[in-house]
Chemist: 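One structure coming up, written as structure tokens, with questions to follow.
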Amino acid sequence: MRGMPETPPDLRPPRVLSGMQPTSDSLHLGNYLGALVQWVRLQDTHDAFYCVVDLHAITVEVDPALLRERSRRTAAQYLAGGVDPARSTLFVQSHVPEHAELAWVLGCITGFGEAGRMTQFKDKSGRHGADRTSVGLFTYPVLMAADILLYQTDQVPVGEDQRQHLELTRDLAQRFNTRFGPTFTVPEPHIVRETAKIYDLQDPTAKMSKSASSLAGVIDLLEEPKVTAKRIRSAVTDPEREIRFDPEAKPGVANLLTIYSALSGRSIEDLEKDYDGKGYGDLKGDLAQVVGDVLTPFRERTLAYLDDPAALDAVLAEGAQKARAVASTTLEQVYDRVGFLRPAGRR
């Protein structure tokens, strides 16, 4: 596919790429504060590419109709959170076939042992066993590398759990460039300062996660407000009554203060002063109100997008066209460098 010529790197802002898997009906508060809020800010300073990474989602068994529905729901939440298709490129991964095509080429320069050393693969395959672990899960980091390198990405927002995958991406870019000539931008991690780390309400030593064994500790962005308020009021604290920020001695209270501060814009120090002499019930009740004030309009905006799937699909189709204009240029360069015979009539 041919599109508009790619803007030279020295004439555009640094390019950033990120995405989330459509593996649940709703994103959670950790996704919102740890990623989505940052994505929206990056639109002001970067050439931003944001995708719904549905190819990654099928490394485990998933119902096809459910995957389609969750892909739309994830995209709708990006938009509701402030991702602006006029200022960024929003698309679904499978709408850009160049991702899978580049992943094959990169897989052919990835060592078997190199891929097998990825921590996430070792953890998941160790839990499920070899017979229940797919080849797709094994090659997941190679596809992630393709996602990044396809767009000549300068910076990638990553947490600690993805840092090893980014290092593999950098290694593969450098290896390809050395073997076949300069082709890929070698991406750098984008470190976002003051990112709120949100923990499970029932296990405040564990990160809030879609894969949590119990939903009681997860604040889903699309949950009914009364359910969210109940989960906050049931959050684990400690036997004391003092409200202070101490992640080691009081992880539950520290987590509640972190959420409160991130959503209200108030400093944790100010919150500690306000709740001096008050109890956990006061903190939880007020926090439930703050969370509701933020998530209720977010939920309404998301549902409005979902009520018009044709319009949502049109936004994603336009985003895929923009993404393919960049991706196809990179893939053509890769195919030329590795020596594939080009179809007649193409130069």
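Below, each value reflects all heavy atoms present in this structure, side chains not excepted, and no hydrogens, waters or symmetry copies.
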Chemist: Looking only at heavy atoms, which two atoms of G217 and D200 are closest? And how far apart?
Modeler: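 Closest pair (atom of G217, atom of D200, distance): CA-OD1, 3.2 Å.
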Chemist: Do T23 and H56 make a side-chain contact, defined as non-hydrogen atoms from C-beta onward lying under 4.5 Å apart?
Modeler: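 No, every pair of side-chain atoms sits at 4.5 Å or beyond.
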Chemist: Within the structure provided, determine whether L316 and F91 are in side-chain contact (heavy-atom separation under 4.5 Å).
Modeler: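 No, every pair of side-chain atoms sits at 4.5 Å or beyond.
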Chemist: Are there over 12 heavy-atom neighbours, none belonging to Y199, within less than 6.0 Å of that residue's OH?
Modeler: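 12 or below, so no.
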Chemist: Are L150 and F176 linked, directly or through other ILVMFWY residues, by side chains that come within less than 4.5 angstrom of each other?
Modeler: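 Linked within one cluster.
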Chemist: Does the side chain of H28 come under 3.5 Å of the side chain of D220 through a donor N or O and an acceptor N or O?
Modeler: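 Looking only at side-chain atoms, D220 and H28 do not form any donor-acceptor pair under 3.5 Å.
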Chemist: Any non-hydrogen side-chain atom of I198 less than 4.5 Å from a side-chain atom of K207?
Modeler: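 Result no, sub-4.5 Å side-chain heavy-atom pair not found.
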Chemist: Under the criterion side-chain hydrogen bond (donor to acceptor under 3.5 Å, both in side chains), I'd like the reasoning laid out for D147 against Q93: C-alpha separation, chi angles, the key distance, then a yes or no.
Modeler: CA-CA 8 Å; D147 299 337; Q93 185 185 27; 2.9 Å; yes
Chemist: I'd like to check Y275 versus R244 (side-chain heavy atoms, cut-off strictly below 4.5 Å). Are they in contact?
Modeler: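 No, too far: nothing below the 4.5 Å cut-off.
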Chemist: What's the shortest heavy-atom distance between A323 and T89, and which atoms?
Modeler: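 Nearest pair, atom of A323 first, then T89: N-CG2, 3.9 Å.
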Chemist: Nearest 0.5 Å, please: how far is OG1 in T169 from CD in E167?
Modeler: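 Taking CD in E167 and OG1 in T169, the distance rounds to 9.0 Å.
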Chemist: Where do L312 and A75 come nearest, in terms of heavy atoms and distance?
Modeler: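 So the minimum-distance heavy-atom pair works out to CD1-CB, 4.5 Å.
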Chemist: Could you verify whether a donor N or O on one side chain and an acceptor N or O on the other, from D54 and S71, lie under 3.5 Å apart?
Modeler: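 Judged by distance alone, the side chains do not pair up.
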Chemist: List the atom of L166, the atom of P187, and the distance in Å for their closest heavy-atom pair.
Modeler: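 Reported closest heavy-atom pair: CD1-CG, 4.0 Å.
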Chemist: Would you check if the side chain of N177 reaches a backbone N or O of F184 as a donor-acceptor pair within less than 3.5 Å?
Modeler: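 Yes, because the side chain of N177 sits within donor-acceptor range (under 3.5 Å) of the backbone of F184.
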Chemist: Would you give the length of the straight line joining atom OH of Y260 to atom CD1 of I243, rounded to the nearest 0.5 angstrom?
Modeler: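 Those atoms lie 10.0 Å apart.
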Chemist: Once rounded to the nearest 0.5 Å, what's the spacing between atom CG of L33 and atom CD1 of I259?
Modeler: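 Going from CG on L33 over to CD1 on I259, the span is 7.5 Å.
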Chemist: What closest approach, in Å, do V142 and A103 show between heavy atoms, and which atom pair accounts for it?
Modeler: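 So the two residues come closest at CG1-O, 3.5 Å.
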Chemist: Once side-chain hydrogen bond (donor to acceptor under 3.5 Å, both in side chains) is applied, what residue pairs with a partner in residues 298-314 remain, sequence neighbours excluded?
Modeler: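 Every side-chain hydrogen bond (donor to acceptor under 3.5 Å, both in side chains) pair that includes a residue of residues 298-314, provided the two are not neighbours, is R72-D313, E224-R299.
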Chemist: Which of parallel (below 30°), tilted (30 to 60°) and perpendicular (above 60°) describes Y335 and F340?
Modeler: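 Correct class here is perpendicular.
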Chemist: Are W104 and L331 connected in a single hydrophobic cluster, I mean Ile/Leu/Val/Met/Phe/Trp/Tyr linked by side-chain heavy atoms less than 4.5 Å apart?
Modeler: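 In one cluster: no.
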Chemist: Answer with yes or no whether the side chains of R15 and T153 bring together a donor and an acceptor at under 3.5 Å.
Modeler: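 Absent: no donor and acceptor within the cut-off.
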Chemist: Got a second to check how far T74's OG1 is from L79's CG, nearest 0.5 Å?
Modeler: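 Reported to 0.5 Å precision, the distance equals 11.0 Å.
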Chemist: Mind checking whether L102 and Y151 sit in one hydrophobic cluster, side chains of I, L, V, M, F, W, Y counted as touching below 4.5 Å?
Modeler: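 Result: yes, single cluster for both.
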Chemist: Please state whether the rings of Y78 and W39 are parallel, tilted or perpendicular, taking 30° and 60° as the class boundaries.
Modeler: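 Because their plane-to-plane angle is over 60°, the rings of Y78 and W39 count as perpendicular.
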Chemist: Between D25 and K210, is there a side-chain N and carboxylate O pair less than 4.0 Å apart?
Modeler: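 Between K210 and D25 there is no salt bridge, as every charged N stays at least 4.0 Å from the carboxylate O atoms.
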Chemist: Taking the side chain as every heavy atom from C-beta outward, state whether R87 and D44 have any atom pair closer than 4.5 Å.
Modeler: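 Heavy-atom side-chain distance check passes, below 4.5 Å.
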Chemist: Can any side-chain N or O of Q174 pair as donor or acceptor with the backbone N or O of V186 at less than 3.5 Å?
Modeler: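 Side chain of Q174 to backbone of V186, a donor-acceptor pair under 3.5 Å: no, none is there.
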Chemist: Take V52 and M20, measure what side chain to side chain contact (heavy atoms under 4.5 Å, CB included) needs, and give me the verdict at the end.
Modeler: CA-CA 6 Å; V52 178; M20 286 186 262; over 6 Å; no
Chemist: Is a side-chain donor or acceptor of Q152 paired with a backbone partner of T185 at a separation under 3.5 angstrom?
Modeler: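 Yes: the side chain of Q152 pairs with the backbone of T185.
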Chemist: Aromatic rings H190 and H46: how do their planes relate, parallel, tilted or perpendicular, breaks at 30° and 60°?
Modeler: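 Perpendicular, since the angle between the ring planes exceeds 60°.
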Chemist: I'd like to check E248 versus T205 (side-chain heavy atoms, cut-off strictly below 4.5 Å). Are they in contact?
Modeler: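 Not in contact.
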Chemist: Rounded at 0.5 Å granularity, tell me how far NZ in K322 sits from OG in S88.
Modeler: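 Spacing of NZ (K322) from OG (S88) equals 6.5 Å.
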Chemist: Within the distance-only criterion (no hydrogens, no angle test), does the side chain of T258 pair as donor or acceptor with the backbone N or O of L256 below 3.5 angstrom?
Modeler: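 Such a contact is absent between T258 side chain and L256 backbone.
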Chemist: Applying side chain to side chain contact (heavy atoms under 4.5 Å, CB included), run through E272 and S267 and close with a yes or a no.
Modeler: CA-CA 9 Å; E272 287 178 313; S267 71; over 6 Å; no
Chemist: How about F298 and Y32: are their ring centres within less than 6.0 Å of each other?
Modeler: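 Yes, ring centres under 6.0 Å apart.
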Chemist: Take atom CG in L303; do more than 12 heavy atoms of anything else shown fall under 6.0 Å from it?
Modeler: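 Correct, the count exceeds 12.
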Chemist: So, D238 and K250, do they make that salt bridge, N to O below 4.0 Å?
Modeler: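 Between K250 and D238 there is a salt bridge, with a charged N closer than 4.0 Å to a carboxylate O.
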Chemist: Report, as yes or no, whether the 6.0 Å neighbourhood of atom CZ on R266 holds more than 12 heavy atoms from other residues, nucleotides or ligands.
Modeler: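 Yes, because the 6.0 Å sphere around CZ of R266 holds more than 12 heavy atoms from other groups.
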Chemist: Are the side chains of R324 and P97 in touch, meaning some heavy atoms are under 4.5 Å apart?
Modeler: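 With C-beta onward as the side chain, the pair touches.
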Chemist: Step by step, would you call S328 with E98 a side chain to side chain contact (heavy atoms under 4.5 Å, CB included)?
Modeler: CA-CA 7 Å; S328 62; E98 287 85 355; 3.7 Å; yes
Chemist: Could you check whether the rings of F138 and F112 sit parallel, tilted or perpendicular, using 30° and 60° as the cut-offs?
Modeler: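 The arrangement is tilted - the two ring planes meet at 30° to 60°.
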Chemist: Does one hydrophobic cluster hold both L172 and V338, with members joined at side-chain heavy-atom distances below 4.5 Å?
Modeler: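 As far as the 4.5 Å side-chain criterion goes, V338 and L172 are connected within one cluster.
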Chemist: Under the criterion side chain to side chain contact (heavy atoms under 4.5 Å, CB included), I'd like the reasoning laid out for D274 against D286: C-alpha separation, chi angles, the key distance, then a yes or no.
Modeler: CA-CA 12 Å; D274 281 357; D286 292 345; over 6 Å; no
Chemist: Can you name the closest pair of heavy atoms from Q21 and V53 and give their distance?
Modeler: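 Closest pair (atom of Q21, atom of V53, distance): N-CG2, 3.5 Å.
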Chemist: Roughly how far apart are R231 CZ and I219 CD1, rounded to 0.5 Å?
Modeler: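 Those atoms lie 8.5 Å apart.
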Chemist: Say whether L201 and L27 are linked into one hydrophobic cluster, either directly or through other cluster members, by side-chain heavy-atom distances under 4.5 angstrom.
Modeler: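 The answer is yes; both residues are in one hydrophobic cluster.
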Chemist: Please determine whether the number of non-hydrogen atoms from other residues, nucleotides or ligands lying under 6.0 Å from atom CD of E318 exceeds 12.
Modeler: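 Atom CD in E318 is not crowded, with 12 or fewer foreign heavy atoms closer than 6.0 Å.
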Chemist: Salt bridge or not between E69 and R73? Use side-chain N to carboxylate O under 4.0 Å.
Modeler: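 Yes.
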Chemist: Kindly say whether G281 contributes a backbone atom to a donor-acceptor pair with the side chain of R233 at under 3.5 angstrom?
Modeler: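 No.
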Chemist: With a 3.5 Å distance limit and no angle check, can you tell me whether T329 reaches the backbone of A325 through a side-chain donor-acceptor pair?
Modeler: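 Side chain of T329 to backbone of A325, a donor-acceptor pair under 3.5 Å: yes, one is there.
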Chemist: Do Y50 and L42 touch side chain to side chain, with heavy atoms closer than 4.5 Å?
Modeler: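 They are in contact (side-chain heavy atoms under 4.5 Å apart), so the answer is yes.
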